[in-house]
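All remarks here apply to the structure that follows.
Every value quoted in this text rests on a predicted model; they were computed, and no experiment measured them. Computation of the quantities below employed the complete heavy-atom set of this structure, encompassing side-chain atoms and omitting hydrogens, waters and symmetry-equivalent molecules.
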Amino acid sequence: MEKEAKKEGFRKYLEASGVLDALTKVLVALYEQNDKPSSALEFVQQKLGGPSLSEYEKLQTELSDLQIKYNELIKENQERCRELEELKHTQVEASANKEFDVGNTHDEELNTDVVKC
């Protein structure tokens with residue numbers, strides 16, 4: 001009894017969502033075809049708005065190519081970020097060394113002034 005209720009609930013769900021109507025229209029269109037298509041499944045997919053098998057394969061190839069390109073760009077971005085961090089580190093070191101050198105020069109000037117006095 002519970003199984004029948006589930007089936008009825010599911011049927012009502014399909015009917016309310018328009019699935020039964022869409023499938024019925026597609027199957028009627030297939031039935032009315034004088035020259036039946038070689039692939040009934042592809043016919044149904046096309047009528048429901050899905051890509052054909054060749055379009056699907058083309059999209060799969062494009063997706064694969066784009067995934068490869070994406071991975072290459074991620075790798076390149078990571079390399080650039082590493083290079084940027086190295087440059088920042090080098091710049092900080094150079095700046096610190098410059099400040100140290102300027103400080104030493106200033107101290108030498110002070111010492112020279114003291115000696116002259």
Q: Report the residues that fulfil salt bridge (Lys or Arg N to Asp or Glu O under 4.0 Å) with Glu2, sequence neighbours left out, ordered by chain and then residue number.
A: none
Q. Among all residues two or more places apart in sequence or in another chain, which pass the side-chain hydrogen bond (donor to acceptor under 3.5 Å, both in side chains) test with Thr24?
A. none
Q.
Going by the rule side-chain hydrogen bond (donor to acceptor under 3.5 Å, both in side chains), which residues pair with Glu93 if we only count those two or more places apart in sequence or in a different chain?
A. His89
Q. For Phe43 and Val26, which heavy atoms make the closest approach, and how far apart are they?
A. CE2-O, 3.8 Å
Q. Is the shortest side-chain N to carboxylate O distance from Glu85 to Arg82 below 4.0 Å?
A. no
(Q) Rounded to the nearest 0.5 Å, what separates atom CD in Glu86 from atom SG in Cys81? (A) 11.5 Å
Q.
I'd like to know if Val19 and Val44 are part of one continuous hydrophobic network [Ile/Leu/Val/Met/Phe/Trp/Tyr, side-chain heavy atoms within less than 4.5 Å].
A. yes
Q) Which atoms form the tightest heavy-atom contact between Pro51 and Tyr56, and what is the distance? A) CB-N, 4.1 Å
Q: Would you list the pairs meeting salt bridge (Lys or Arg N to Asp or Glu O under 4.0 Å) in which at least one residue belongs to residues 54-75, sequence neighbours left out?
A: none
Q) Please, which pairs that meet side-chain hydrogen bond (donor to acceptor under 3.5 Å, both in side chains) have at least one residue in residues 5-15, sequence neighbours excluded? A) Glu8-Arg11, Arg11-Glu15
Q.
Taking salt bridge (Lys or Arg N to Asp or Glu O under 4.0 Å) as the cut-off, I'd like each qualifying pair that reaches into residues 28-47, sequence neighbours left out, listed once.
A. none
Q. With a cut-off of 6.0 Å (strictly less than), are more than 12 heavy atoms of other residues, nucleotides or ligands near CD of Gln91?
A. no
Q) Pick from Ile74, Ile68, Leu73, Leu66: which one makes a side chain to side chain contact (heavy atoms under 4.5 Å, CB included) with Tyr70? A) Ile74
(Q) For a 4.5 angstrom cut-off between non-hydrogen side-chain atoms, does Leu14 reach Leu23? (A) no
